[in-house]
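The structure under discussion appears below in the form of structure tokens.
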Amino acid sequence: MESEAVLSLPVEGRWLFVIIILSADDVGLFEATEFKLARRADVNRDLAGKLLQMIADADLIRLYVVDSKRYGFIPKFRQRLQIKTSKYPLPPRAIFQDDSDALNKINELASKTTVGAPVGSGCTTVGQPPEAELEQEPEGKVSELRNSSSSSAPRRRRKAADLPVCPFDRIVAVYHEMLPELPGVRVVRQGGKRQKAVASMWHWVMTSIKGDGSRRATTAEQGVEWFRDYFERARNSDWIMGRLPRGPGHENWEADLDYLCSEAGMKRVIEKTKAPT
């Protein structure tokens, strides 16, 4: 509690971090919902959300999402393992791969329990991926490519049953990681418009062909990386990031995940920004 990272937090942030430590299990896992943390720390819910992000930015906790619910992991949490099962879903490996103590604990729990997500599963990760370069689309081709996986190579089309399931939670987490300045995703309805929009974009990413004849992605990991690079390209847009003035009547409008997954958003990002170097 005397580390520079902790002392750099405001007093309320340090108090919330204490609450997190007290609520964590032996591995360092905890439920990171703003409502419960705000109640336990006796602070405003909006303030709890801001403080939670500050604590995560200081790498005192690492957040992940499973089934649209947020959880957290405290790195270097040297508590002796006494539990046999965890009531929290286990995080993906990228969350704790640099923490050998947690790695041993989580692997031990994973071998004993079916509670939570298995290590390396499709839940959200905030680890650093290998760098990838996003292919620049020819002008005016987004609509055409979204409607067809390939106009000239039908033998390469993939059946829907062969496609990886859309990892909605991971894509949302990458969006939050890459574009923290934009509005966060707080409301998700199962089978709602937001999930369908992300799933539609995922299908396009997994089935469409680039100008050189290769696919944008063939595996779930490649698909998530494509979204990461796409969001990075969105950061290059002064208009999307609000660095340019809005027109009359739209002064307070902000781009969000829904816009970026729409056809208009894709055109703006793919056709009007340059691929990151």
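Heavy-atom basis, side chains included; hydrogens, waters and symmetry copies ignored.
- For W226 and W202, the ring centers sit 6.0 Å or farther from each other.
- One distance of note links CG of L90 with OH of Y64; it measures 6.5 Å at 0.5 Å rounding.
- Inter-residue side-chain proximity for L63 and F73 is flagged as unmet; no heavy-atom pair is nearer than 4.5 Å.
- Under the rule for a side-chain contact (heavy atoms from CB on, under 4.5 Å), the partners of L244 that lie at least two apart in sequence or sit in another chain are D238, W239.
- Checked against salt bridge (Lys or Arg N to Asp or Glu O under 4.0 Å), D42 has no partners two or more places apart in sequence or in another chain.
- When side chains are defined from C-beta on, V66 does not count as touching P91, because their heavy atoms never get closer than 4.5 Å.
- Listed for the R14 side chain is a donor-acceptor partner under 3.5 Å among the backbone atoms of L9.
- With hydrogens and angles disregarded, no donor-acceptor distance shorter than 3.5 Å links the side chain of S200 to the backbone of K196.
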message = Would M201 and I171 count as a side chain to side chain contact (heavy atoms under 4.5 Å, CB included) here? Give the steps.
response = CA-CA 11 Å; M201 191 170 179; I171 292 171; over 6 Å; no

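- Put simply, V185 and W253 are part of the same group of oily side chains (I, L, V, M, F, W, Y) that touch within less than 4.5 Å, one to the next.
- Remark: S8 OG to M54 CE distance equals 7.5 Å, nearest 0.5 Å.
- Evaluation of the side-chain contact (heavy atoms from CB on, under 4.5 Å) rule for K69 yields E31, T33, Y71 as partners, not counting sequence neighbours.
- The two residues H203 and L163 have their closest heavy-atom pair at CD2-CD1, 3.3 Å.
- Between L260 and A234, the closest heavy-atom pair is CD2-CB, 4.2 Å.
- Contact check for M178 versus Y230: no side-chain heavy atoms found under the 4.5 Å cut-off.
- Annotation: R243, atom CZ; neighbour count of heavy atoms from other residues, nucleotides and ligands within 6.0 Å is above 12.
- Applying the side-chain contact (heavy atoms from CB on, under 4.5 Å) criterion to N44, with sequence neighbours excluded, gives D46, L47.
- The CD atom of Q195 sits 12.0 Å away from atom SG of C261, with the distance rounded to the nearest 0.5 Å.
- Contact annotation: the side chain of S237 never approaches that of V269 to less than 4.5 Å [non-hydrogen atoms, C-beta and beyond].
- To the nearest 0.5 Å, the span separating CZ on R170 from CD on E221 amounts to 4.0 Å.
- Residues D57 and Q53 bring a donor and an acceptor atom of their side chains to less than 3.5 Å of each other.
- Side chains of P164 and T219 form no contact here, defined as non-hydrogen atoms less than 4.5 Å apart.
- Screening residues 248-262 for salt bridge (Lys or Arg N to Asp or Glu O under 4.0 Å) gives R194-D258 as the qualifying pairs, with residues at least two apart or on separate chains.
- Contact of the R235 side chain with the E181 side chain is registered, since non-hydrogen atoms from C-beta on lie closer than 4.5 Å.
- In terms of heavy-atom proximity, A48 sits nearest to V43 at CB-CG2, 3.9 Å.
- A distance of 11.0 Å separates CG of L52 from CG of L60, quoted to the nearest 0.5 Å.
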- Please lay out, stage by stage, how F231 and E177 fare under the test side chain to side chain contact (heavy atoms under 4.5 Å, CB included). CA-CA 9 Å; F231 293 144; E177 179 188 350; over 6 Å; no

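- Judged by distance alone, with hydrogens and angles left aside, the side-chain atoms of Q222 form a donor-acceptor pair with the main-chain N or O of T218 at under 3.5 Å.
- Here the CG atom belonging to D98 is positioned 4.0 Å from the CZ atom belonging to R62, to the nearest 0.5 angstrom.
- Placement of V11 and F17 in two distinct hydrophobic clusters is found when ILVMFWY residues are connected by side-chain heavy-atom separations under 4.5 Å, directly or transitively.
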Q: Could you give me the CA-CA distance, side-chain angles and deciding distance for I74 and I20, then say whether side chain to side chain contact (heavy atoms under 4.5 Å, CB included) is met?
A: CA-CA 9 Å; I74 305 174; I20 289 173; 3.8 Å; yes

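- The heavy-atom pair separating M206 from G223 by the smallest distance is SD-CA, 4.2 Å.
- By the criterion of side-chain heavy atoms lying less than 4.5 angstrom apart, applied directly or through intervening Ile, Leu, Val, Met, Phe, Trp or Tyr residues, I55 is not grouped with F35; the two fall into different hydrophobic clusters.
- Proximity of I209 to S214: side-chain heavy atoms (C-beta onward) are nowhere separated by under 4.5 Å.
- Inter-residue side-chain proximity for D229 and E232 is flagged as met; some heavy-atom pair is nearer than 4.5 Å.
- Across L16 and A41, no two heavy atoms sit closer than the pair CD1-CB, 3.8 Å.
- Residue F77 comes nearest to V27 through the heavy atom pair CD2-C, 3.9 Å, listed as atom of the first residue, atom of the second, then distance.
- Other residues, nucleotides and ligands contribute over 12 non-hydrogen atoms within 6.0 Å of the CG atom of D59.
- For S23, the side-chain contact (heavy atoms from CB on, under 4.5 Å) test picks out F30, R40, with sequence neighbours left out.
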Salt bridge (charged side-chain N to carboxylate O under 4.0 Å, His left out) evaluation trace for R268 with E263 = CA-CA 9 Å; R268 172 72 66 168; E263 186 168 317; over 6 Å; no

